[in-house]
J.: 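A single structure is presented below for examination.
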Amino acid sequence: MKNKSLISINDYSPEDYYRILELAEAFEKNPNQNLLEKHVIASLFFEPSTRTRLSFESAISRLGGRIVGFSEASSTSVSKGESLADTIKTVSQYSDLIIMRHPIEGSARYASEVASVPIINAGDGANQHPTQCLLDLYSIKKTQGTLENLNIFLVGDLKYGRTVHSLLMAMSNFNPTFNFISPENLKMPEEYKHFLDKKGIKYYEHEEFTDIISEADIMYVTRVQKERFSDPMEYEKVKNAYVLKREMLINTKPNMKILHPLPRVNEIDTNVDEDPRAYYFQQALNGVYTRMAIMSLILGIK
Ligand code: CP
């Protein structure tokens with residue numbers, strides 16, 4: 001992993017995932033260490049973010065590193081017409097590692113080809129969000145005790161939700177059964193279903209889930225990604241497609257956990273937050289430990 005960019009979850013092997021999860025566990029036990037003392041890390045967010053940006057910044061600060069960067073491109077020379085390549089080549093001169101979120105699919109891979117330091121993809125359009133995926137794996141392993149043989153429900157916007165695309169690919173290494181629950185026009189794209197077919201992984205598609213909810217080990221709920229719709233009327237039709245309420249959880253497994261990458265709009269009622277199955281805020285905290293582990297391994301810090 002040393003000096004290797006993290007662009008897609010498939011850039012890393014299942015052995016790499018376990019290595020990251022093990023180190024994240026160590027950071028959870030002892031999060032305040034000066035391991036990044038001599039490092040400058042760039043955080044370039046061309047798209048809005050709360051958790052990804054701030055959990056990276058929290059992780060860097062707790063490890064004694066320095067951060068340079070921006071949270072909106074309008075305050076940079078991108079607004080004067082500077083290209084992504086020139087921005088990345090320049091920031092490579094100022095930092096040891098670049099974390100980048102960008103709205104265009106493939107932009108992170110492109111950035112890694114022009115950068116002279118490793119790139120961590122913090123989300124590129126509807127494509128991939130590998131660090132979210134690794135914190136999701138950490139949350140699943142921590143709550144279920146294993147990544148193997150789990151029944152994973154993916155609920156909501158499976159078309160544009162980059163977190164479900166990364167999670168599907170990663171979990172496909174651990175013999176899951178997937179249940180995809182979405183409106184017809186937000187179904188899991190064919191390419192991901194072909195990917196599962198090739199690996200012989202079982203998946204089922206539904207528009208409702210109340211009659212099968214008792215089978216779930218993990219229910220991974222996603223927001224309808226308003227910003228990816230070209231037609232606002234199409235968003236209006238599906239924005240309230242699923243709202244998880246506490247009374248719907250009566251027949252679920254006691255150790256079932258509800259995950260959500262957040263932000264939430266209305267797809268999980270706030271009355272679910274008090275339920276022991278709600279895990280999304282702890283999941284957000286797990287992002288700090290997981291990102292500490294990812295950066296340390298990429299920077300080759302022992
Ligand atoms: N989960 C996630 O990516 O959240 P942000 O958009 O707030 O970073």
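What you see is a predicted model, and the numbers here were worked out from it, not measured in a lab. When a ligand or atom number is given, it counts from 1 through the structure's own listing order.
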J.: Hey, does E47 sit under 4.0 Å from ligand 1 if you only count heavy atoms?
T.: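 In this structure, E47 fails to qualify as a contact of ligand 1 - no heavy atom is under 4.0 Å.
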J.: How close does the nearest protein non-hydrogen atom get to atom 6 (O) of ligand 1, and which residue and atom is it?
T.: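 The protein heavy atom lying closest is R101 NH1, 2.9 Å.
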J.: Tell me if the OH atom of Y94 is crowded by more than 12 foreign heavy atoms within 6.0 Å.
T.: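 At most 12 heavy atoms, drawn from other residues, nucleotides or ligands, come within 6.0 Å of this atom.
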J.: Any side-chain donor paired with an acceptor under 3.5 Å for N175 and E148?
T.: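 Looking only at side-chain atoms, E148 and N175 do not form any donor-acceptor pair under 3.5 Å.
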J.: Counting from 1, what ligand 1 atoms have a heavy atom of T50 closer than 4.0 Å?
T.: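 Reading through ligand 1 atom by atom, the close ones are 5 (P), 7 (O), 8 (O).
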J.: Side-chain contact test, heavy atoms from C-beta onward, threshold under 4.5 Å: evaluate it for D217 versus M256 and give yes or no.
T.: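 A side-chain contact is absent here, since even the closest heavy-atom pair is not under 4.5 Å.
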J.: Return the option from Q283, R223, R51, H129 holding the heavy atom at the smallest distance from atom 3 (O) of ligand 1.
T.: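 Residue with the shortest heavy-atom distance to the ligand atom: H129.
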J.: So if I count the atoms of ligand 1 from 1 in the order they appear, which ones are less than 4.0 Å from some heavy atom of Q132?
T.: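 Within the 4.0 Å cut-off of Q132, ligand 1 contributes 1 (N), 2 (C).
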J.: Consider ring-ring contact (aromatic ring centres under 6.0 Å, His included). Of F195, Y160, Y220, Y192, which one does H165 pass it with?
T.: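 Going through the options one by one, the only one that passes is Y192.
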J.: As an exercise, identify every atom of ligand 1 less than 4.0 angstrom from a heavy atom of T52.
T.: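 Under 4.0 Å from T52, ligand 1 has these atoms: 2 (C), 3 (O), 4 (O), 5 (P), 8 (O).
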J.: Relative to the heavy atoms of L262, which atoms of ligand 1 are at a distance of less than 4.0 Å?
T.: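 Answer, ordered by atom number: 1 (N), 2 (C), 4 (O).
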J.: By number and element, which atoms of ligand 1 are closer than 4.0 Å to a non-hydrogen atom of P261?
T.: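 The list of qualifying atoms is 1 (N), 2 (C).
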J.: Rounded to the nearest 0.5 Å, what separates atom CG in N121 from atom CD in Q132?
T.: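 It comes to 12.0 Å.
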J.: Angle class for the F180/Y203 ring planes (parallel below 30°, perpendicular above 60°, tilted otherwise)?
T.: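 Parallel: the ring planes of F180 and Y203 meet at under 30°.
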